[in-house]
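These notes concern the structure reproduced below.
Side-chain atoms are counted along with the backbone in the values below, which use heavy atoms only and exclude waters and symmetry mates. Whatever order the structure lists ligands and atoms in, that order sets their numbers, starting from 1. Counting from 1, the numbers follow the sequence of the chain as shown.
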Amino acid sequence: MNAHPKSSRSVSITKCLALAGLLFIAGVMQANAQLHIIPQPVSAVPLSGSFAIKASNTIAADEQSQPVANYLHQYLWDTYKLDLKVKIYQHVPPSAAIKLEGSTTNTSKGSYLMEISPKRIRIAGNGEGLFYGVQSLIQIITDVNGKQLHVPACKIEDHPRFGWRGLSLDVSRHFFTVDEVKKYIDMMAHYKLNIFHWHLTDDEGWRIQIDKYPLLTEKGSKVGYYASIGQYRKFDNITEGYRDGFYTKDDIREVVKYAQDRFITILPEIEMPGHSEAAIFAYPELGCKDSTGAQHRVRMLDPSEYTFNFYENVLTEVMQLFPNEYIHIGGDEAEIDDWLKSPTAVALMKREGYKYPSQVQSYFIKRIEQFLNSKGKKLIGWDEILKGGLAPSATVMSWEGEEGGIIAAKMHHNVVMTPLPQMYFDAPQAAAATEPLGWNDPVSWQMVYNYEPQSDKLTPEEAKYILGAQANIWVEKVGNFKHLEYMIYPRLLALAELTWTPKADKNIRRFEQSMYANYHLFNLWGLNARLPNVTGLEDVVTNKDDYATTLTYPLQNAAVQYTLNGTLPDTTAATSSFPVTISSLLKDSLAISVYTTRPLSKRILQKVMVKHINIKSSATDDRNLQPGLSYMMYKTTYNNFPATDTTKDFEIGVLRKDGGLNPYPGLFNSWVKVYGYLKIDREDDYRISSDFENTPMLLLGTTVILDGTKNKYIEPQAAILHLQKGVYQLSGYYLADKVNSKQTLIRITTTGGKQVDADSYLLH
Ligand code: ACM
């Protein structure tokens with residue numbers, strides 16, 4: 001394994017000092033220090049002292065642990081140039097320094113026990129459990145003086161929450177090489193993900209060798225060649241070029257073995273009946289006849305016997321390569337109305353008595369399922385396979401939100417949750433204008449972390465059908481591997497924790513610290529992870545005549561360039577190290593642009609606006625005001641409040657400090673209009689913000705102080721107001737949901753950081 005390019009030794013030493021510094025700042029004694037392992041183990045108890053890993057140590061393993069022992073040996077060599085010996089025993093001797101025991105009585109899948117003392121390391125677990133123990137060990141190795149590796153003494157008992165911890169890769173829109181795919185798999189393995197969903201065919205390219213149909217790869221994988229002779233399919237979504245290529249059967253076998261050695265199952269996807277343009281390009285007879293005319297891209301398979309026979313032959317060869325139980329057959333975004341023009345499909349509908357083309361889709365998937373089942377395989381497909389009737393034993397991958405997954409689980413079908421937006425890693429990780437190209441609205445690592453695969457719309461019995469979760473990435477806009485890494489990291493770490501760690505043990509603040517500690521590994525592994533945001537940057541409205549903020553950074557060795565005039569810092573702008581204090585007089589507004597950079601990583605850009613506003617108190621007599629804000633909650637199908645009819649379907653009440661309102665059940669939106677007063681008893685500077693992920697719209701008088709279109713993880717915002725003693729009219733609205741019903745709508749602190757009691761400030 002040589003997938004871990006080295007960083008210079010001096011860099012990794014500084015990272016270790018950074019890590020030590022973090023622990024010190026946290027003010028904890030070493031024995032209580034947090035072990036920065038992602039995903040957070042079920043139980044991790046730090047003990048005192050540490051074990052020094054030396055070249056003279058032997059990795060002692062029993063027979064079934066030999067592959068994992070070899071993996072650890074190779075990792076230590078590739079990463080630290082430390083060459084330990086591996087020795088295999090029938091029974092590992094108690095005195096060995098590094099012991100890997102694969103024969104344990106604990107058989108729960110993926111579980112392991114790791115005990116580290118100053119004298120020895122012992123990891124016990126079956127198969128993948130032992131491997132996961134080694135991954136936990138790898139994450140806590142610190143390189144103390146450039147020569148010696150230390151691991152803190154601890155005891156860890158661990159097992160996964162879900163059996164499906166997946167990540168996909170689209171190799172159709174852009175072909176990634178075998179070495180790139182192996183690195184992708186390596187990085188999944190470090191965070192204990194176990195399903196690699198390989199999206200091998202799509203409109204833009206067929207990427208897997210099929211002996212019976214050589215044109216699939218000869219024609220279907222060569223976008224570049226066919227483009228050069230002016231005979232190619234239209235690739236309107238691809239923005240960063242393309243790379244031709246396909247995997248030979250030997251390539252596939254090599255990758256399957258590589259993944260097996262890392263306890264990762266490969267789920268191959270062969271798309272049908274839509275997204276099949278590459279196959280149809282190679283074998284036109286597969287295409288839906290008389291589709292929709294010259295302008296239309298023919299992407300739909302004709303439901304003919306030729307097609308079924310063809311795909312059964314393809315799947316037969318695919319099944320020979322992939323030993324796992326599941327085959328993914330796609331099923332998404334099929335343009336089923338094309339079938340209404342296909343003589344084959346029309347005849348099929350007549351024969352079967354079908355009224356709708358969705359029934360043809362159901363027929364198609366059921367036939368393929370029967371074929372797979374007859375070969376001992378299980379079918380999985382995107383949630384559209386629910387349309388027209390789900391195949392009897394199909395597993396559903398819910399991507400168009402959670403709806404399909406919830407329906408399927410209630411029907412007692414297995415489900416993998418991979419919903420938009422949280423599980424789509426092709427979305428930018430911050431404001432789109434400042435990030436590399438992506439699809440859709442931004443998805444931050446926090447949004448990924450907060451995702452819960454077992455919807456509370458399911459009973460505990462139904463929730464058992466949720467096998468786990470998976471993140472997807474489509475690469476129309478990701479034209480090289482470095483960009484791919486940037487999109488995946490650090491969000492993959494959040495995915496790892498939400499699929500592994502018990503729900504009750506999730507803790508976003510702890511996770512954040514562990515994630516920052518993992519950046520030293522990203523450097524060691526040569527991984528182009530997106531850098532963390534600067535702390536202390538947010539959109540602000542203020543009525544003060546000056547503005548000051550201190551920018552800090554969670555990682556060492558970062559540098560910053562900034563401007564205060566709306567332009568972007570150019571390469572000649574002065575570079576400072578953190579912390580940086582920005583202080584400026586304020587007449588109108590201040591546009592702050594900040595570039596952050598760090599060795600081995602590209603820089604990231606953040607832009608915020610500090611806007612000057614005026615605030616007037618109201619002439620209201622405050623003697624009869626009561627605690628809490630008045631509210632009206634509307635039951636509506638509208639997705640925005642201004643479009644909502646405010647004359648009907650509402651209830652009224654008083655909103656107290658204890659949080660938001662429970663939304664209406666069912667498929668309604670619950671818009672809440674709030675109104676009342678902010679009562680200030682003491683002149684001071686106040687900071688007003690909201691804990692809601694999607695911030696409320698809030699006005700003081702007629703002036704907007706929080707902008708309800710913003711997401712707090714993507715565009716944090718606050719109002720910093722100097723307020724005289726008096727009463728201020730307060731109004732606004734927000735969308736009630738299950739999460740914000742338990743959160744603080746309006747958080748008010750003095751600029752000294754003291755939170756004020758909402759009941760004495762928010763009145764009606
Ligand atoms: C999908 O994103 N079309 C599954």
Logged contact type for M397 with ligand 1, heavy-atom cut-off 4.0 Å, is neither
What do you reckon, is NZ of K738 surrounded by more than 12 foreign heavy atoms closer than 6.0 Å?
no
Atom 3 (N) of ligand 1 - nearest protein heavy atom and its distance
D332 OD2, 2.7 Å
Nearest protein heavy atom with distance in Å, relative to atom 2 (O) of ligand 1
Y424 OH, 2.5 Å
Test: R299 and D203 ion pair at under 4.0 Å:
yes
Between W500 and Y132, is the ring centroid distance below 6.0 Å?
yes
Proximal ligand 1 atoms for W474, defined as those under 4.0 Å from one of its heavy atoms:
1 (C), 2 (O), 4 (C)
Does a donor on one side chain and an acceptor on the other come within less than 3.5 Å for D426 and N440?
no
